[in-house]
Structure formats: C-alpha cells, structure tokens
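Single-structure report; data block below.
Model, not experiment: these values are computed from the prediction.
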Amino acid sequence: VARLLPEEVAKTVAAIPVKRSGQAILVAFADPLEDATRRTVEKRLGVRVSALVATRSQVTEAIRRVHGRQTLGDLLVESDLISRRQLEEGLELHRRTGVRLGQALISLGLVTQEQLVSVLSDQHGIPFYSLAGTDVPDETVRCIPEGVARGYGLVPLGRWAETLTVAMINPLDSEAIAEVEKITGYRVKPVMTTEEDLEAVLEKTYRSDYLFQSANDLVMRRPEDSAIKVLTRPQKAVAIAFLAISAFLLLLFTVQYLTLLIALSTLFYVGFSAYKFYLIYKALSHTLEVEVTAEDLSALSERELPVYTILVPLYREAEVLPNLVKAIDGLDYPKAKLDVKLLLEEDDTETIEAVRTHGLPAHFKAVVVPHGLPKGKPKACNYGLIHAAGELIVIYDAEYIPERDQLKKVVVGFRKASPRVQCIQGKLNYYNRDQNLLTRWFTTEYSMWFDLFIPGLDASNAPIPLGGTSNHFRTEVLRELGAWDPHNVTEDADLGVRLFKAGWKTAVVDSTTYEEANSELYNWIRQRSRWVKGYIQTYLVHMRHPLRLLRDIGPYQFLSFNMVVGGTFFGFLVNPIYWLLTALWYLTHWALIQVLFPGPVFYVGALGLYVGNFAFMYTNVAGCLRRGYYDMVKYALLSPLYWALMSVGAWKGFIQLFYRASYWEKTKHGLYRGEIKTRATTDDGEEK
C-alpha cells in the first residue's frame, strides 16, 4: 500500500499511505492541515484519503524503509540491536554534536563496535573481517607507512595477484584507497574492520617502534634539549675549571674568596625574593587569567567542539580507578568527543586487571606501555600521544578531580587568546587540605604558585615552568616540540621552557583541578626531591648555551628563567647553609663568621633574612586569600618550618642527581580516606 505513492511524490508532500480502510486509504501526513497536499495525494492514489498525523521524521524514515533505502538506524532497529527510542536518542546526539550516528550509539553504550561494523557491512555490501586472533605478518602491515595506516584507519592484510586486501574502518574513503594504491601500486580491495581490531594489529606490529619513539624522539631530534646527559662536555669543562680555580683561590685567599661567594649568593637570593614578590604583587592587583565568562560557555556549540584527548598515566593505582572514571565521566563535554587514554605500565598487572574488569565507558581506552628504560610518567605520556586522536590534549593524574567545565573553558581560552598561545595551564589545588599540618602547608604553597605566581609570569611574557598536570596543548604543536623528555623528572617544567623557546606561549584559565596532597612526610620528601632534581636538570639543559638562550628569548625572559628555575632550587639548597652560619654565630660568636660578612654583605644578608622571609610568608598568605582559604592563613605564617622540609627534599634530589639522574621517585596516592573538599567554604562550613 505504501508504494502506491511514488517515492518522489511522497518526499515532496511528506506523506505515506499506511493501509486500506474500506473504500479509502489511510495516509500519514506530516502536515495534515494542508488541503493542497491532501488533494495531491488523492489525485495520485485515485481514491478518498483519510488523514493520520505523524512527525516529519517518522514519515521520512518510513519512506526510506518502504522504498528500499534503509538507513543505518533502520538496520540496527530491524536487527533488534537497538529500539526505536534508542535510535532517537542516538540521532539526537548526532544532531547535537555532529558525530556520526554509529559513533554516537557507541558513545551511549547502545551498540558495540563489532555490532555496528557488522550492520554497516550488510548495508554497503562490503565484507566484515574480524582481526581478533588473526596473525597478520609484520612485513605485510609495514608495506604501508605507519602514519598513513593510523591516519586513514587501515591496515593491509595480504596480496593476491595484483590485488591488495586492506582492512579499513571506513572502506568508503576513496581518498584513502587512492593513497594506498599510489604507495603500493596494487588495486585495493577494501574490507571492513573495527577500530579496536585495527589498533591491536598496529600495536602488535609497531610496538617496539612506539617504545623507541616514546623514549628517544626528543633525543634523536634535539639532543641538546634532552636531559639524557646531566652535563655536556663543555659544561663538565666549565665545572672542572670552576672547581679548580675555586680550590686555588681558597688556598691563597680563603677569607676573601668565601666572602665573594657569600656576597654573590646573597645578592642572587635577595634578587630572587624581590622578583617573586614583584610577580605576585602584580597578580594581586590584576586578573591575569584568560577571561572566560558564563556567556562564553553557554555560546559554545557542541557541534563545533573539537575532539579532546585525555591522557591518564597510571602505575600501581588500581584502588583509585573508580574515582578516576567517575571524575572524568563527570566532565561537561560530549562523551562522543572524548578520547580518554589510560596509560598502563606492562609490569603493573594489578592495575591492568582492574581496568580490564571495571567495565569502562566507550570513550575510555587502555593503552599498555611496554617495559623499557627510562621508566616513568613522561615516557608513558609520549606513548599515549602516539595514539591520541584529539585536536586538543590534556594530562590528568590518577587521583585528579577537574572542575566539570574545565575542557570547555580551555576551548574558549584558546579561541580568545593570542595565536601564540599553544598551551593553557589549569590551576591545581588540593581536596584533602585539612588532613594534617603537611597538607595545609602544601595547600598554601599551591595556592600561591598557581593562583598568583604562574599568572604573574604569564602576564610578564616570561617562560612558565608548567606545574603538575592539567596542561592543555594543541596536539600538533606538542608533537612538533618532541613532547615530554623522558629523562627529565620534571618533564612539565622543561616542556614549558621549550615551548617558550620555540616562540609559543602559555596562558592560564581560572579553572582548578583538585588532587590529593601528600600527607606522609617521607612520601612528601621523595616527591619534593624529584621536583628539585628535575628543576636542576631543566636549568642545566637550557643553560648549555647561555648566549644562545639569551638571544632566543630576550634579556628579561633570560633573567626570569634564571630567577624562577635557577632561583627555586638555589634557595632550597642554600638556606640550610645560611641557617647553620646564623646558628653558629649566635651559639659561638665565631670570629670567622663576622669576617665573612663585612658591612655591605651583612646588610644585604639581613635584608634577605627579614624582607625575604616576610615576602615569602606574605605571598603564601596572599595565595590563600585569593583562593578563599581563609582558614589556611595561620598556617601560611608558619612557612619557615615548611621551607626546612623543602631543603631536606632539595638536598636529597641534588645528591641523587649524581648517581640516579633520571630515576623517577614514585609518589604514593590513595592515602586519603576522608571527605573530598573541592571548594572554599564559608565560616558556616558551606561550600562557596
């Protein structure tokens, strides 16, 4: 009955016959009140018409089904894989985000990749080839460059005469077929396969290549930007010459030379303190982040949002997996446009098993990083970057809880910022800040660093040593830079400097990612020692050619780099020496100490002691006030005790640099079992 009305007419009038009813025909109309439409249908059918009301989409789908032009959705419904209501849900996601219907249905968890590809195979008459358990020879896979295979989503399976069978995610991609035919000289016979099967074949074939690339890409491309060597030959020569000259001068002019060293270090210390105070004072008087308003966020179209890759390095952290999945799944971003890569180390069988049995959402993928040296987070992130599909990319640690709108804020931030901005730093803070005195000190430090100091550096057009994670990059630029240095244990700080040297900038958005503050003393010292060791590595790497660095980034930026990166570890290392000299003077009144601090040096040192301590305490207090952590202010006033702990960690890292330079001191997570607090609170305990 439905075919009594020709397809073109049915489409034009948005109507379709449904069944005979006596001498009349019941017809479904999208617009039954249009008399002209009803008359047209009656004329074509030659009988009286009874009207039935239907939606335009229902009529359109019925016309396609009746006239043999079934859509993917129709086929999935007819195969009993989804219901009509679920199809509508997938179509709504497709219309809202612009992703393909199949991807939308997978994202909603309504179909699997294999079910979808099987139906697509029937629809297009192209064979479906399951690669699961299939051993495709490496030489066959490698007849097409890896970049082409991954870029187009295809893998060659075998050749018969002049025909090459190629498994493809999208076998209708004529551009991909033409490219393979051009490379190989064979006629391509496409078959369909799933994305998971394709990834498994590529991973098996190129595993060793990926491992080598993730560990050595930066070393191969720009060896002098890598910390694979602590000191280059020229640096060793300078160090040996300095030590030899120092020994000579100490023998002949002991007091004078020690006085000179004390004077220079004191001037640098005071300069570093003054510069840090200047940056934070500047941040206090201005809002220096990229401004993202509620109107900016509401104006975003989900169709225009880019695919976002989230890298999550995990090592021996099976216990935090449920909270991690919950935190990322709670982000206000279309799931169909999220590409979440859980980076698992091959020898961490416990976490791998936890991921395998957890039942991850469709946008989560496990990537197992093969065992190899150097071992650590930067190499794992490099391995994940090879597999990243997003235009933008961010790194979150296992215990992190980003604010729900952070990804959208970063998208707006990139659009509003200067074209030079290729990285956006989110702010970091802690959700267990009230756990003990150590976590309170840690919170005051982070509040100062991320809410004031980093924005101050950004506004001053100075290199920013990226902090922690929540660093959002344009993926293409990150790859061009050589990504993270796996030999540097503060790979984020080093990457921030390399980004600036390459002519790019980092901006800051007012969005916080909350993490677990280290609450155990030795665990904290291990973490701090790694950070300080990494800062020393970063300083030595980028000061291999000081004049070149000065020319590349400019005088002010060169000074800022020395103050921020050099000053940070220098202050931690030199503090105990000055504390010891001060204690000896008060206890013994040793005459040599008075000789080593002649008038001008003494007054500069006193300035460093009193003004420097005031500046550091003031900036920590200011950070707490800016963050709204008013209850933390009293702990910021005890900062000098916290600095003593910092110096312990610094000396541990400095000594370790001589015998285990690239060793990654693993920080234990999941120690906190209390209430998670992600916002500041009022005096009544209510979250603000």
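- When side chains are defined from C-beta on, Ile395 counts as touching Phe473, because their heavy atoms get closer than 4.5 Å.
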Worked check of side chain to side chain contact (heavy atoms under 4.5 Å, CB included) between Met646 and Glu445: CA-CA 11 Å; Met646 291 183 182; Glu445 179 190 9; 3.6 Å; yes

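- Looking only at side-chain heavy atoms (C-beta outward), Leu452 and Thr619 stay at 4.5 Å or farther from each other.
- Here the closest non-hydrogen pair linking Leu466 and Gly496 is CG-CA, 3.7 Å.
- Under a cut-off of 6.0 angstrom, the local environment of CZ in Arg526 is crowded, with over 12 non-hydrogen atoms contributed by other residues, nucleotides or ligands.
- Residues Lys668 and Glu520 are not paired through a salt bridge, judged by the lack of any N-O separation under 4.0 Å between the basic side chain and the carboxylate.
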Residue pair Leu645, Leu438: steps toward the side chain to side chain contact (heavy atoms under 4.5 Å, CB included) verdict: CA-CA 10 Å; Leu645 295 180; Leu438 187 60; 4.0 Å; yes

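- Listed here is the closest heavy atom pair of Ser662 and Ala227: OG-O, 4.5 Å.
- Note: Ser214 OG to Asp209 CG = 10.5 Å, rounded to the nearest 0.5 Å.
- Residues passing the side-chain contact (heavy atoms from CB on, under 4.5 Å) test with Asn216 are Phe212, Met220, sequence neighbours excluded.
- Look at Lys409 and Glu289 and you find no salt bridge, because none of the NZ, NE, NH1 or NH2 atoms lies under 4.0 Å from a carboxylate O.
- When every heavy atom of His371 is checked against every heavy atom of Lys379, the shortest pair comes out as C-NZ, 4.4 Å.
- Within the 4.5 Å cutoff, the side chain of Lys282 has heavy atoms near those of the Ser460 side chain.
- When every heavy atom of Thr232 is checked against every heavy atom of Arg544, the shortest pair comes out as CG2-NE, 3.3 Å.
- The shortest distance between side-chain heavy atoms of Leu321 and Leu342 falls below 4.5 Å.
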Stepwise side chain to side chain donor-acceptor pair (under 3.5 Å) check, Ser529 with Gln656: CA-CA 8 Å; Ser529 71; Gln656 193 180 80; 5.2 Å; no

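- Considering Glu224, Lys501, Gln537 in turn, Lys501 is the only one that fulfils the side-chain hydrogen bond (donor to acceptor under 3.5 Å, both in side chains) rule with His542.
- To the nearest 0.5 Å, the span separating CH2 on Trp664 from CD on Glu491 amounts to 4.0 Å.
- The environment of CD in Glu195 is sparse: at most 12 heavy-atom neighbours from other residues, nucleotides or ligands sit within 6.0 Å.
- Between the side chains of Ser560 and Tyr275, a donor-acceptor pair is found at a separation under 3.5 Å.
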Step-by-step side chain to side chain contact (heavy atoms under 4.5 Å, CB included) determination, Leu481 to Gln422: CA-CA 11 Å; Leu481 287 170; Gln422 297 295 326; over 6 Å; no

Side chain to side chain contact (heavy atoms under 4.5 Å, CB included) between Thr439 and Asp434, intermediate numbers included: CA-CA 7 Å; Thr439 62; Asp434 293 328; over 6 Å; no

Full working for salt bridge (charged side-chain N to carboxylate O under 4.0 Å, His left out) between Glu346 and Arg207: CA-CA 12 Å; Glu346 188 176 34; Arg207 184 170 187 250; 2.2 Å; yes

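- Results of the side-chain hydrogen bond (donor to acceptor under 3.5 Å, both in side chains) test with Thr538 over Asn488, Asp494, Asp485 single out Asn488 as the only residue that passes.
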Distance-only check: which donor-acceptor pairs under 3.5 Å involve side-chain atoms of residues 303-311, not counting sequence neighbours?
unit_1	atom_1	unit_2	atom_2	d
Arg303	NH1	Arg95	O	2.7
Tyr308	OH	His472	ND1	2.7
Thr309	OG1	Asp339	OD2	2.7
Thr309	OG1	Ala389	N	3.3
Thr309	OG1	Gly390	N	2.7

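- With rounding to the nearest 0.5 Å, the separation of CG in Asp405 from OG in Ser511 is 5.5 Å.
- With contacts defined as side-chain heavy-atom distances shorter than 4.5 Å, the pair Asp329/His363 qualifies.
- The environment of CD in Glu319 is crowded: more than 12 heavy-atom neighbours from other residues, nucleotides or ligands sit within 6.0 Å.
- Residues Leu331 and Lys408 are not in side-chain contact: their nearest non-hydrogen atoms beyond the backbone lie 4.5 Å or more apart.
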Thr469 vs Tyr400, side chain to side chain donor-acceptor pair (under 3.5 Å): CA-CA, chis, key distance, verdict: CA-CA 9 Å; Thr469 54; Tyr400 278 22; 3.3 Å; yes

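- The structure places OG1 of Thr351 at 13.0 Å from NE2 of His358, a figure rounded to the nearest 0.5 Å.
- In summary, of the residues considered (Arg660, Arg528, Lys652), a salt bridge (charged side-chain N to carboxylate O under 4.0 Å, His left out) with Glu665 occurs for Lys652 alone.
- Taking NZ from Lys533 and CG from Leu657, the interatomic distance works out to 7.0 Å, rounded to the nearest 0.5 Å.
- We find that Lys666 and Glu317 are joined by a salt bridge, their nearest charged nitrogen and carboxylate oxygen being less than 4.0 Å apart.
- Counting heavy atoms from C-beta outward, Thr568 and Phe272 have side chains that approach closer than 4.5 Å.
- Ring orientation note: the planes of His387 and Tyr210 are nearly perpendicular, at an angle over 60° on the 30°/60° scale.
- Electrostatic pairing of Asp397 and Lys377 counts as a salt bridge here, judged by a charged N lying under 4.0 Å from a carboxylate O.
- Comment: Arg626 does not engage Asp451 in a salt bridge, judged by the lack of any side-chain N to carboxylate O separation of less than 4.0 angstrom.
- The ring-ring contact (aromatic ring centres under 6.0 Å, His included) search around Tyr642 returns Trp441, Trp524, not counting sequence neighbours.
- Side-chain atoms of Asn429 and Thr512 include no donor-acceptor pair closer than 3.5 Å.
- With respect to the salt-bridge test (charged N to carboxylate O, under 4.0 angstrom), the residues Lys416 and Asp296 qualify.
- Taking both residues in full, the closest heavy atoms of Glu196 and Gln113 are given as N-OE1, 3.0 Å, listed atom of the first, atom of the second, then distance.
- Closest of all the heavy-atom pairs between Ile424 and Gly413 is CD1-C, 3.6 Å.
- The CD1 atom of Ile464 sits 5.5 Å away from the CG atom of Leu457 when rounded to the nearest 0.5 Å.
- A ring-centre distance under 6.0 Å is not found for Trp449 and Tyr446.
- Of the options Asp458, Val410, Asn471, a side chain to side chain contact (heavy atoms under 4.5 Å, CB included) to Gln425 is made by Asn471 and by none of the others.
- When side chains are defined from C-beta on, Tyr539 counts as touching Asn562, because their heavy atoms get closer than 4.5 Å.
- In this structure, Lys276 satisfies the cation-pi test against Phe453, with its NZ or CZ atom closer than 6.0 Å to the six-membered ring centre and inside 45 degrees of the ring normal.
- Atom CD of Glu353 has more than 12 neighbouring heavy atoms from other residues, nucleotides or ligands inside a 6.0 Å radius.
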